[in-house]
Amino acid sequence: NMKFLRQVFSITEMNLKNIMQRSGSSIVIIVGIAGSVAVMVSLLAMAEGLNSTISSTGKDDRVIILREGASSELGSGLAMSQVDIVANSPGIRSVEGEPLISAEVFSIIDLKKKGAVATSNLPMRGVQPQSFKIRPEIQIIEGRNFTSGTSEVIVGKGAHNQYENVEIGDEIKVRDSVATVVGIFSSGGNVHESEIWADLATSQGIFRRGASASSMIIQLEDSESFNDLGVYVESYPDFEFRVTREKDFYNDQASGSELIKLFGQIVGYIMAIGAVFAALNTMYSAVSSRLVEIGTLRALGFNGMTVLVALLIEAMILSIIGGILGAGIAYVLFNGYTVSTLAGGSFSQTAFNFAVTGDVVGQGMSLALTVGFIGGIFPAWNAARRDITEALRSI
């Protein structure tokens, strides 16, 4: 009723006006919650960034074909003659009479990251001219594209930022050969920015692949053409291929981000348990130091439930401040921060940016409110049940 709400508002207003007098205890609660939220949001932002980078690579109207049983391009192999057969399949888009299908070789080379002592795995993709038509998001942002039939390479923006000696004009050692960097490319922030691209025939020679490739990438006429292509390929005699939508393939590759997300939530909850105890201890101390104030309110006609709700609101306001502070710290320090990690399946480094999204902040604020509620409800319940005479006796 209105009387109850007026009483709650009056006590809450008084508590908030006096909060600076209890700044020490208030800061303990805010800092404890902010720390928990900052750690959780940072780890979730890492998972979100990795997931976004990998899963954004795939499109519904593009198809990857691998050898049956291969979970990644690295473990797959197929003959170039089989690529020519698949090119006759229905459902493939054509441009100027040429089907949009490309054989690609996916391999790993060793390069040093900037500031590192040891080398790291970097993906190198041998591609045909059709690869660029199938993936129009690939744009040269510095230099030029490689010339077919030469030992020239272009470097993804993410790899360029992470690795040494990949500037335009630099020569990089690839197995027993040397390749010259002639361009830097962007792919809209997806996983290809962590790769080096070269001519397919040159890659086949460098990695001794002969007339074979790792995979085929295909542009469908539309997303509904997937079944036509799948039926043709899987029913062809002696073909043992797995036909997968590109979007599904990269969603599977992004499974590692779920592990990071789970880890972030677990670490956040563990820290939150500590924050709960800090809040409980601080709120109990605050209630004990305000017994006279609570007793006076009760003597003036404010009932126990009013006191409970007002103290709980105070705890929740402190937790909201802590949550906003923690999320703000994570955003300022990490949003857009570029790192790289070992990607599942390819065993190579994938560069990505931390992404502090609304969903991530929402999870952090939920944690803060949970801590505030648990840390405030028990001390508030204890205060509400205090006997008036006992409270006033402490004067």
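Predicted model, so just to flag it, every value in this text is computed and none were measured. Starting from 1, each residue takes its place in the sequence as its number.
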Please answer whether the main-chain N or O of [Y] pairs with a side-chain N or O of [X] as donor and acceptor at a distance below 3.5 Å.
| X | Y | answer |
| --- | --- | --- |
| Arg67 | Gly75 | yes |
| Ser76 | Glu73 | no |
| Gln130 | Ile101 | no |
| Asp248 | Arg245 | no |
| Glu48 | Val356 | no |

- Give the ring-plane orientation class for Trp197 versus Phe185, where under 30° counts as parallel, over 60° as perpendicular and anything between as tilted.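 Rings of Trp197 and Phe185: tilted, as their planes differ by 30° to 60°.
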So do the side chains of [X] and [Y] get within less than 4.5 Å of each other, counting heavy atoms only?
| X | Y | answer |
| --- | --- | --- |
| Val153 | Val181 | yes |
| Tyr331 | Val41 | no |
| Asn145 | Phe132 | yes |
| Val105 | Ile206 | no |
| Met124 | Arg175 | no |

- Glu240 CD: over 12 foreign heavy atoms closer than 6.0 Å: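 Check fails, neighbour count at 12 or below.
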- Item | Stepwise side chain to side chain donor-acceptor pair (under 3.5 Å) check, Ser81 with Asp84 | CA-CA 5 Å; Ser81 58; Asp84 294 334; over 6 Å; no
- Query: Would you call Arg125 and Glu104 a salt bridge, using N to O less than 4.0 angstrom?
  - Reply: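 Between Glu104 and Arg125 there is a salt bridge, with a charged N closer than 4.0 Å to a carboxylate O.
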- Query: Of the options Thr180, Thr147, Thr202, which is the one that meets Glu152 in a side chain to side chain donor-acceptor pair (under 3.5 Å)?
  - Reply: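 Only match with Glu152 under side chain to side chain donor-acceptor pair (under 3.5 Å): Thr147.
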